[in-house]
Structures are given as structure tokens and as C-alpha cells.
Amino acid sequence: MIRTRFAPSPTGYLHIGGVRTALFCWLFARKNKGQFILRIDDTDQNRNIEEALEPILHGLQWLGIDWDEGPGVDGPHTPYYQSQRNDKYRAAVDKLFRDGFAYRDFAKTEEIQSERDAAMKEKRTFTYSRRWMAETDDDAKRFEAEGRQGVVRLKMPREGKLIINDLIRGRVEFDWANEQDHVIQRADGSFIYHLANVVDDEDFKISHVIRAEEHLSNTPRQIFMIQSLGYRLPEYAHLPFVAEPGSKTKLSKRKLDKYLKNKDFAKLVQHGQSIADRIGLETTADGFNPVIVDFYEKVGYLPEAIVNYLALLGWALDDKAEFFTLPELVDVFSLDGVTKGAASFDPQKLFAFEEKHMLTKTIEEKIGLCTPFLEKAGLDPRATDLGKLISAAGDRIKVAGDILDFTDFFLADDVFPYDEAAFEKRIENEPEAKTLLELFRHELSKQDDFGPAALESLMQRFMDERKIKAPQIIHALRVAVTGKGVGLGMFETLEILGKDRVLRRMDRTLAKR
RNA sequence: GGCCCCUUCGUCUAGCGGUUAGGACACGGCCCUUUCAAGGCCGCGGCACGGGUUCGAUUCCCGUAGGGGUCACCA
């Protein structure tokens, strides 16, 4: 049975790179009819775990990544919180200690650090001298009498090689002598992640450890523990990490300021910001950052677009296929397709996937997606025919929040601001514009059928009679009824507004100046 | 600095000894067109470098360079 796991820390946010890792773990499990487990790595945190966990669980759910065991669903290996598994870790440390694979150490942090500094200065690998290692209880007492505090360290081998056959990286070789006597239990008795990780993976019967590349150099010490404890070795697959836009440095949520200097990234944020502003969303909080998944949900991205984009960041099926839904990915996913190099986060490509996925949505689906945004913006979705509006907006709605670009139609009093540049260009500086508008207004006032087709033939007749071309009247008309130079299709716009409002708006425009 | 990893268009990638080095996003142009989108067509643009191995290297090996990760009583 293939079992993979994703092990987030309750930090309060779901990092886009973390999601990618979770997605690959999940896809691998689902593809192979295995199980996906969610474990909470909270060995170091102790406050507000539930609160800090909520956005993470929610984000995964939003994306369609479900788990067979873990918070909310529980399972046969409960608890799934590391903070509740101390008895297991204690037993493991005892065993390591008993079998001579760990020792009590009484070095002070500064002492270790100065040995480390010396090694670096001499350009050689740091190896702890074990000067404060307590080999006997007497040693321990003596150190304690000096006021020292003890930790438990791994007694790593000092010779030989370790060979890891990584599913993605292939054969990776480490010299044991370069590995360090890492702490596994702190002076206060609490346990370090690596120990907990190894114990839990064994306990949860994890068959494949799929994680980001930064853990590759942690692997030897973990394998040492696995071997020392007599556990069976899982398969390893170290994924390349998600990098900053235009760089190979690991993407970090703390470097928002830096990423904002990237034009495309800034555009992504600004677009989101404009939507956030209109729905009164607080954007100073940690979550409003494209590095964090919340961002996309808040402004109305489709989860399937995020998933599709992320799946292709460091994985490919072949030289053609790019568009995938989650079930399709489950069908074709394989670790063989994972690339080795870090993949830069590209806001433009993400947005392209969003567009493509939005294109597949029906009007009904889009109504469902857009309605919450209207409500959050304080607009009444029933104030107009939303289906017609969305249909007219067509593919201009890239994310659900974009519906707010077209909500001028909801303004009841027909008093809208004019885009002055458009007004000048299309009306003021067009000698015939006002006359034509006047004449066309007259035609419209006699028109009862305000359907797009009827309006179009009316317009056609109007143009034929006066021997004018569409641009001569349509641009002016658009500015006259919307105040803007760009917008939806003209006839759809007229239909949605309805006769009364169209005439009123034209009157207002004709009276301007 | 030690150890480890990585390196094909600007970006994501296909390639697994012989290809006009393919696709996608972006970019540029053209077409369509009532604006804006969308769509269609065309174009621009790449194997980091140096040695081998081989009849033949983007592909295999070794160096070099560059990039990155990691060296916590964080996870």
C-alpha cells in the first residue's frame, strides 16, 4: 500500500510551494490507489494551533486535496498532531540512547558555535569534538554540577558512505563523516522535528516520503535514525522547490516587497488589490500575498487553475499536454515526469491557466462564482439580469472578482463618471457625434424590442440610411451610455441597461457641456 | 567556507546518440472586429563553457563556471 503524507506546521498560511508538495504527494497516492495522510508538525508551536491550522486545512480543501487520515477525519494512527505524540518520541529516544546511537551532551550553544566557526575558518567540515559528551552518569553529574544543561544528540557514524536512491534525483552519496551529531531532544525535554518525523513516518506506515529538495541534506540523519531504530526505509522523492519569479531562489512569503519589483508579480497583486478594495477586504493581513494560497480564493480564482498551474511547475506529461483538471492529473501523474531544477513562479502563466479554466465555465457556474463578490461589494445581484451581464462580459471575467468591473450597470441613478479622455475623443472632438447620437436616440425611443439582434438591425438601418460606418456612431454611443471608451458589446450593453436608462443616460451625455 | 543538488528560448518545459531542437506563457506583427477581451495565422528567441568517449553529441563521462539548498536546543 502506497502511503504519502504532507506535514504542515500550523503557521497560519498555506505557502504556494507547500501546496505544490502536497499536490504531488496527493496525486502520487491517488494515482496509485494509495492513501494520503495529513500530519501536523507542531513540535515547536504550542499556542493557537487550531486557529493557525484552519487556513491550511481550508486551503487544501478548497483546492480539492483531501486526506484519508489526519485532522478532522482521524484514522487508525491517531493522534496526527506531533505535539500529542511525545510518548512515542520518548520511547524512540530511549531506545537510541540504550543502543548507543545517541548520547547526553552538555555543551553550551556558544561552545558548539565556536567549534563550528573554527571549522569554517579552516575551511573544513565541522565535526563536534564531543568534549561535553557524558559517557557515564558520573560525567553527567559533573557537568550538571557546573550548571550545564543536557540535550540528547545523535552519535553519528564517522566513517563510511550513505547512498540514497532518490526517485527523482537518482543516486546521491553522502559521507557519514560530514554529518553532525544533531540534537534530537532539547534541554527542556521536548523533541526535535527530525526525530518526530522519523518516528511518525514509521508509525503511519509511510511508504514514500515526497518532500521539497531542501530536505535532501536532512535525509542522512533521518536515515541514521531509521536504521538505528530498526525501521524500514521509505522511498524518497525530493522535489525541486518553487522559486521566485525570474530567479532560482526559494520562494518566500516574507519577500513580498522584493517580488513587487517584478512587473508581472506586481500586476497580479494590483489586480487582486483592486478587487479586494471593492469588496472591502483587509489586505494588510498576512494572507493577501500571491505566495499564499488564500490570495487566490479571496479574489476569485478557480482552484482548478491553481492546481493545473502548480502541477506543471516542475512536472510535465509530454511535449504537448498542458490543460488538466484534477481528475485528469490523477490519471496521468507520475514521479517520472518531475523535473530536477527549481521552477520559477510565473504570475503570467498562472493567469493564463486561470483564463483557460474560466473559459470552460457555463453562465450558471459563473453566476455562482460571481454572486458572492457582488454581495461582498454591497450590491444586489438581483438588481439586474446577472446571467445576461455575465454572458455579455464573456471571457472578460478572468477571475470571479472581475465581475465588479462591470457593476456600473447596477447604479440606479445613472449618474456615472465619464472617462474624460474617451469623452473628448469620441464625442467632443467628433463633429458629427452629438448629431448622430441625437438622431439615434430618436430611433431608440421608438424601439420596443431591446434585444441585441433587434438593436443591431436598427443600428444597421440607421447606418445604411446615413451612409456611415459603425465606428462613427458606436464609440460615441458607448461613451454616452457608460462613460467609458471600452466595455462590453454595444448591443448587449443597451439590452442590459434597458430602454429607459439608455435614453436617460444619453440625455445626460447630450446635455454635458 | 564544508557537504549536497541543479543547468534546453525571458519563464514553464519536451528531448532520454543521428530532430529543420517540439510545445506553452510572455513578447512583436498581421487577420477578424463597434471598443476591450477572446480567437486565428505568422514571427522573435534556447542546448552555460572546456575537454573527452563516439562515425556522430543537447543527449554519456570528467572538469570549469554559474545558480541554489543545507549546515539551529525551526520545521
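Convention: sequence-line order gives letters A, B, ...; per-chain numbering from 1. As a basis for the values below, the full set of heavy atoms in this structure was taken, side chains included, without hydrogen atoms, waters or symmetry mates.
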Q: Go ahead and name the base partner of B/G10; Watson-Crick or wobble counts if both distances stay under 3.5 Å, otherwise write none.
A: B/C25

Q: Using distance alone, with no hydrogens and no angle criterion, decide if A/Asp105 and A/Tyr128 have a side-chain donor and acceptor under 3.5 Å apart.
A: yes

(Q) Side chain of A/Leu313, heavy atoms from C-beta onward: which of B/U35, B/G22, B/C12 has the nearest atom to it? (A) B/C12

(Q) Nearest 0.5 Å, please: how far is CD in A/Glu322 from CG in A/Asn308? (A) 8.0 Å

Q) Quick one: which of B/C6, B/G67, B/G23 gets closest to the side chain of A/Lys349? A) B/G23

Q. Where the side chain of A/Leu359 is concerned, which of B/C25, B/A38, B/C73 is the nearest nucleotide?
A. B/A38

Q. Under 4.0 angstrom, heavy atoms only, what part of the nucleic acid is A/Ser247 near: base, sugar-phosphate, or nothing?
A. nothing

Q) Excluding sequence neighbours, so at least two apart, what forms side-chain hydrogen bond (donor to acceptor under 3.5 Å, both in side chains) with A/His182? A) A/Arg221

Q. Is a donor-acceptor contact shorter than 3.5 angstrom present between the side chain of A/Lys320 and the base of B/A24?
A. no

(Q) So A/Gly246, base contact, sugar-phosphate only, or nothing? Heavy-atom distance under 4.0 Å. (A) nothing

Q: Taking only heavy atoms on the protein side, list every residue of residues 166-182 of chain A lying under 4.0 Å from any atom of RNA chain B, sorted numerically.
A: A/Arg169, A/Val172, A/Glu173, A/Phe174, A/Asn178, A/Gln180

**Q.** Separation of B/G23 P from A/Asp346 CG (nearest whole Å)
**A.** 19 Å

**Q.** Stacked pair A/His215-B/A75, distance under 5.5 Å, angle under 30°
**A.** yes

(Q) From the set B/U13, B/A37, B/C5, return the single nucleotide nearest to any side-chain atom of A/Arg396. (A) B/A37

(Q) Please pick, from B/U11, B/U34, B/G2, the nucleotide with the shortest atom-to-atom distance to any side-chain atom of A/Thr125. (A) B/G2

Q. Within the structure, does a side-chain N or O atom of A/Lys425 lie under 4.0 Å from either OP1 or OP2 of B/U35?
A. no

(Q) Taking 4.0 Å as the cut-off, does a side-chain nitrogen or oxygen of A/Thr249 come that near to OP1 or OP2 on B/G68? (A) yes

